[in-house]
Amino acid sequence: MSGSSVDPQDVFGRAAQLAARRYSNGAGKTHALGQLVPILIDQVMAEAGVVEPQLAGQAMEQAYGDIVRAASLLRSWVSTLPRLGQSVADWSEIDIERRITPAYTRPPGGQYLGASLDFQPRLLNLSPRVRQPGDRHTASATGDQSQSDSQGQHESEPDVHDGEPRFELQRVTRGLEEAGLIYPTTAPTKATDRTRVTSTAGDRGAFLQFLAQAETGALTALAYAATWGDGTNGQADPTLMELRAGHLPISVRHPRTGKPVHVGNITITACEVVLFRVGHDESGEHVDSRFTLGIGVTVGVLEKRAIAAGILDACVTRTRATPPPGPLAPYNSEEWLLAMCDGFGTTGLVEHFKLPHHVTFTADLERVTTFKTSESAV
Amino acid sequence: MNDHPPNQEAASNEPRIGYQWAYLDEPSKREIRRALLRAVCIPGHIVPFSARDMPVARGWGSGGLQITLSVMTPDDVIKVIDQGDDDSMNARTLRGLITESTSIETTTDARAATLIQTRHRVPEDRLAEDAALVVQVPISDPLRWFEPRPTVARRMHAERNYAAAWLTVYEDHSRVGSTTQAAAYPCEVEGGYVITPSPIPRFDVPGLDNAPFLTLFGAGRECVVYAIPPYTRVKPLTFTDRAFAIETFPAPCHLCGAEDSFLTEQMVGNTTEFVCSDTARCARTRAAKTSDLVALAEGSDLP
């Protein structure tokens, strides 16, 4: 990634070209919208918690581009489907398309810029066509994929690797863990189907799953709030240790044979964040300066979602282990986040104010006029 | 997503067509310079300005970029670093944006630069008296951790109400025995306002004290600038009987052997090694050693 011998213009241009290829061949190529606005389709799938590019495109079309509404269409459809199984995947299985480690310049295994628009200047292209006709497939050209399976319709896109080597990469945080510099936390190995249980309080696996499906704007704003602070919890300084994007093979256990069966790959972004916050140990007597590890995962190549989720997971994990006295800041509170980052819920409530409220308003009005009268009577 | 990424046009020395010299319009630059003049006149005072939307994301150096573009002249020689490194991706992007619209001369030698835009470091080299250091700032207010409301924090600054900041220093020393503040250590400027020097390591803080150069801080996302004029006292908040401790390293620079520079940790297999964060100075030291060896081999006297 570094080295003065490389022409920077070529590096950035190449990353942008890879992005153009990645997005024109990627997630939603089974629907016209997926070719036009692939990141949007990824976001709808992420917020819905379902990898179905074709249906995500249809949902967007049906919702006239309202992301939360499209995600809610998918979610209500998913709630009609039975749960047939679950699988556990390790992020070491991600077929890397991009890997960056902001805390270390040259990590073992190297960094791969991959497809990225990060370093492209944000200059509006004023020429009439931003993308050339050859950049994307024609709409409707793709065949109908089987929609009877709810998961794993993503195809792997080896081309976008740009010939990068594929091998198992060591997590950069492993060194910190081995040196005892990471606060020991519950490993999120348990998979919980959040939609089929009554409470997930304290279940880190379920919380991570929730963050993975959280509404992007709320997630970003609350992670930003965590870096801003609320004046009560001292310094909370997150560092993105590692971010990986690529294709994760998904296997499920065959219902008859019991053997794992590869059912497809999903495009995924995963990251690890460490939070530097000097606090106390459980006894409250000793200072504990260890980092807290946060994990952020999202469907699609949606890096801000993964990073925001990682920051919030670290905040909640540390707060859960050693709760500070007094009320919790929203970004430190699992309960708050569960309420505030559910786009289906938040937009639903805000929009429900369009419903008739004449009964409650009459009740309000009765109180207001009563107090006004008693005031003037005094 | 663009077949012809704008950057590819940057190789030319001519400013980009459709944009004027140094990107921003002149009234905008003048407004930013006025804010900077105010900042220089009241050292350490946080001065609001209406940050423009720049072609980089907010939080990626848009404040520093606006300052650089507003104060630069065609005669300036600019150095752009990120974490001390001229080759870092974001430094390259920002340098590209600056040179693209100005064809201004660039350097990696901090001693030769008249204008240095930096993120998270003060260069190890002694900067020239007429040089200006432009610092990108993520969080502009040292009181943010104690008071998240900017309006209230402004009043606290006006009243020099730094009790909370001092209390934190006291609590750190009483609880832990030293500071828990890693980077961005709060500093008192000329006995008055307390600033955050941006997330530079504590190692860099002494370099700001009584420095011969001008330091301009820009936070585009937070829409503020502040400044440290040349030869201004910059004192980290600490008690007279508690020394201000900078970072120390287990070994000299693995590459150049420097013992007086800020080092960053690199993972090499299962071990780590420490190398200079100031890559240009490190390379220069190594080149000088090589040429010394060549000179010795040729039998000449060393300088």
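Keep in mind that this is a model prediction, so the values were computed, not measured. Naming convention: chains lettered A, B, ... in sequence-line order (proteins, then strands); numbering from 1 in each chain.
- Ring centroid separation for the pair A/Tyr224 and A/Tyr331 does not come in under the 6.0 Å cut-off.
- When heavy atoms are compared at a cutoff of 4.5 Å, B/Ala57 approaches chain A by way of both its backbone and its side chain.
- Per-residue heavy-atom pair counts under 4.5 Å with chain A were compared for B/Met267, B/Glu265, B/Gln266, and the maximum is reached by B/Met267.
- A salt bridge links B/Arg284 to B/Asp109: at least one charged side-chain nitrogen sits closer than 4.0 Å to a carboxylate oxygen.
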Working for side-chain contact (heavy atoms from CB on, under 4.5 Å), residues A/Ile96 and A/Leu169: CA-CA 9 Å; A/Ile96 299 292; A/Leu169 293 166; 3.8 Å; yes

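- When heavy atoms are compared at a cutoff of 4.5 Å, B/Ala182 approaches chain A by way of both its backbone and its side chain.
- For B/Asp53 and B/Arg58, the salt-bridge test passes: some basic side-chain N is under 4.0 Å from an acidic carboxylate O.
- Only the side chain of B/Glu222 has a heavy atom closer than 4.5 Å to any heavy atom of chain A.
- B/Arg95 pairs in a side-chain contact (heavy atoms from CB on, under 4.5 Å) with only one of the listed residues (B/Thr99, B/Ile98, B/Thr93), which is B/Thr99.
- Using a 4.5 Å cut-off between heavy atoms, B/Asp141 does not touch chain A at all.
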